Amino acid sequence: MNELRKYYLELASRVCDGITPGHLDEWLKWAKETGILLSPWMFISSKTGLSVAEVSERISPWHMEMGNVLRTSTKK
């Protein structure tokens with residue numbers, strides 16, 4: 001579970017500042033109680049007020065940039 005927590009919090013840090021492990025714990029408890037899908041995008045959306053699409057747009061550029069860096073470094 002620690003790796004999953006790190007992943008959720010790392011993605012959240014790419015979208016906004018101030019989300020803490022406590023926020024994640026509260027959200028995971030609530031999500032399990034209500035039976036909603038556990039998703040980093042849903043977590044970030046619920047804490048920031050952004051739509052899931054907006055969260056995805058803010059996370060995706062980072063993934064695209066890192067993918068380009070990896071492709072470039074492997075070609076050398």
Side-chain angles (χ1 to χ4, degrees):
M1 186 67 162
N2 280 339
E3 291 302 314
L4 183 62
R5 287 172 54 80
K6 288 179 188 176
Y7 178 69
Y8 273 57
L9 293 169
E10 182 179 329
L11 286 178
S13 74
R14 296 178 196 166
V15 175
C16 65
D17 292 329
I19 293 183
T20 67
H23 291 124
L24 178 58
D25 293 339
E26 290 172 11
W27 184 82
L28 287 172
K29 181 181 175 189
W30 172 81
K32 288 177 184 176
E33 288 172 356
T34 58
I36 69 164
L37 176 67
L38 296 179
S39 157
W41 282 256
M42 293 292 291
F43 163 62
I44 298 166
S45 174
S46 72
K47 292 300 176 183
T48 62
L50 298 170
S51 71
V52 173
E54 290 170 312
V55 169
S56 183
E57 287 173 8
R58 290 185 182 201
I59 291 173
S60 293
W62 186 88
H63 286 290
M64 296 295 285
E65 180 181 321
M66 291 308 294
N68 289 336
V69 168
L70 290 174
R71 280 191 293 277
T72 303
S73 65
T74 58
K75 288 180 182 180
K76 291 180 180 179

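Everything numeric in this text was worked out from a predicted model, so none of it was measured.
With rounding to the nearest 0.5 angstrom, the NE2 atom of His23 is 10.0 Å from the OG atom of Ser46. Between Tyr8 atom OH and Ser13 atom OG the span is 15.0 Å, to the nearest 0.5 Å. The distance from atom CG of Leu24 to atom OH of Tyr7, rounded to the nearest 0.5 Å, is 13.0 Å. Once rounded to the nearest 0.5 Å, the distance linking CZ of Arg5 with CG of Asp25 reads 4.0 Å. Taken from CH2 in Trp41 to CZ in Arg58, the straight-line distance is 15.0 Å, to the nearest 0.5 Å. From Leu50, atom CG reaches atom OG of Ser56 across 11.5 Å, with rounding to the nearest 0.5 Å.
Leu11 has its side chain out of reach of Phe43: every pair of non-hydrogen atoms, C-beta onward, lies at least 4.5 Å apart. Here the side chains of Trp30 and Ile36 are in contact, with some heavy-atom distance below 4.5 Å. Side-chain contact between Leu4 and Leu38 is absent, with no heavy atoms from C-beta onward closer than 4.5 Å.
The pair Glu10-Arg14 meets the salt-bridge criterion, since a charged nitrogen lies less than 4.0 angstrom from a carboxylate oxygen. Using a cutoff of 4.0 Å between basic side-chain nitrogens and carboxylate oxygens, Lys29 and Glu26 are not scored as salt-bridged.
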